[in-house]
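Taking it in order: structure first as structure tokens, then the write-up.
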Amino acid sequence: MTTLTGWLGPHGGYVAASYLVAGLMLGGLALASAFGYRSARARLAAAGETETAQTDGTGGPR
Amino acid sequence: MYQIANPARFTRVASALIMPLAVLTAGVFALGLYQAFFVAPADYQQGETVRIMFVHVPAAWFALGCWVMMSASAVGTLAFRHPLADVAQKAAAPIGACFTAVCLISGSFWGKPTWGTWWIWDARLTSVLVLFLMYLGVIALWRAIEDPQRAARAVAILTLVGAINVPIVKFSVDWWNSLHQPASILRSGGPAIHPSILQPLLIMALAYLLLFLTLLLVRMRTELMERRLRRLARLAAGEPLLAAA
């Protein structure tokens with residue numbers, strides 16, 4: 001906190017907290033999205049399907 | 001646009017775009033953060049706390065922009081039955097909710113040293129809180145209705161009704177007395193802030209836009225796969241497929 005106030009002034013904690021919260025939330029969403037994609041792809045592969053098979057958006061054959 | 005309306009074609013295009021977009025997003029974020037901390041000067045009144053603007057303002061812009069995009073998707077669902085419209089809408093809602101939460105929390109961290117309070121029930125802050133609650137409502141509605149086609153129609157209607165709040169958020173600082181400052185960038189007469197602060201802000205806004213597009217493509221691909229998995233599960237259970245995906 002001493003370093004922060006030296007660098008970013010007396011309100012450095014507020015600045016640091018803003019960036020930390022934004023980084024955690026946006027980074028967390030990015031990680032969750034990536035893991036969600038990997039999980040869905042793995043389950044689809046386990047079902048014997050591939051992601052790029054022709055579909056009509058509802059999962060049916062086109 | 002109709003060239004990629006086919007989900008399989010969309011998936012192939014998205015697959016080619018995601019990795020370059022992700023790398024570009026990281027690069028632009030790095031440049032934006034460098035500019036925000038080491039190039040932009042401190043404000044003559046607010047001092048170093050003005051740096052909160054570089055995470056707060058782009059989050060606010062894309063919190064609103066995401067709802068506008070979802071409203072366009074809602075029209076695509078209701079009027080044109082575009083096969084990807086409701087997929088895009090479902091994928092975008094959590095991203096918009098996250099941007100709105102970042103806007104609210106960083107605004108609170110900015111408000112305490114600047115206004116002397118974490119929160120006040122003024123028009124701008126309250127209308128953004130309503131926007132956040134509407135995002136949660138959209139996410140909850142998707143989860144509450146099992147049939148994706150019925151859920152898509154219900155969510156589309158809710159989204160279009162909620163679009164009324166977008167101009168309220170934007171113009172609340174002009175229509176009512178507000179502790180929040182009026183628009184200083186997206187206003188008639190051009191930006192009212194110095195280029196040394198405007199440039200890092202625009203770079204961070206570009207980073208947020210690239211992040212939004214990257215996450216949207218990833219989540220749309222995931223949703224398309226989840227729908228195929230649900231269809232396969234229904235096939236395996238011997239259920240009819242016409243009623244729902």
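Here is the naming used below: chain letters follow the sequence lines, and residue numbers restart at 1 for every chain.
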Phe99(B) and Leu26(A), any side-chain heavy atoms less than 4.5 Å apart = yes

For the residue pair Ala30(A) and Leu215(B), what are the closest heavy atoms and their distance?
-> CA-CD2, 3.6 Å

Check Thr222(B) against Ser33(A) and note the closest heavy-atom contact, atom names and distance.
-> OG1-O, 4.3 Å

Portion of Ala233(B) that has a non-hydrogen atom of chain A nearer than 4.5 angstrom | neither

Portion of Phe54(B) that has a non-hydrogen atom of chain A nearer than 4.5 angstrom | both

Output the option from Val102(B), Leu33(B), Ile52(B) having the highest count of non-hydrogen pairs under 4.5 Å with chain A.
-> Ile52(B)

Might you point out which heavy atoms bring Arg228(B) and Leu44(A) nearest each other, and give the distance in Å?
-> NH1-CD2, 3.7 Å

Heavy atoms, side chains only, cut-off 4.5 Å: are Ser106(B) and Val21(A) in contact?
-> no

Validation row: Leu211(B), Leu29(A) side chains within 4.5 angstrom (heavy atoms) | no

Which atoms of Arg51(B) approach chain A - backbone, side chain, both or neither, heavy atom under 4.5 Å | both

Checked Phe37(B), Trp110(B), Phe29(B) vs chain A; the most non-hydrogen pairs under 4.5 Å come from Phe37(B)

Check each atom of Ile95(B) against the heavy atoms of chain A and say whether the ones under 4.5 Å are side chain, backbone, both or neither.
-> both

Side chain, backbone, both or neither: which part of Arg38(A) has an atom under 4.5 Å from a heavy atom of chain B?
-> neither

To the nearest 0.5 Å, what is the distance between OG (Ser18(A)) and CE (Met53(B))?
-> 12.5 Å

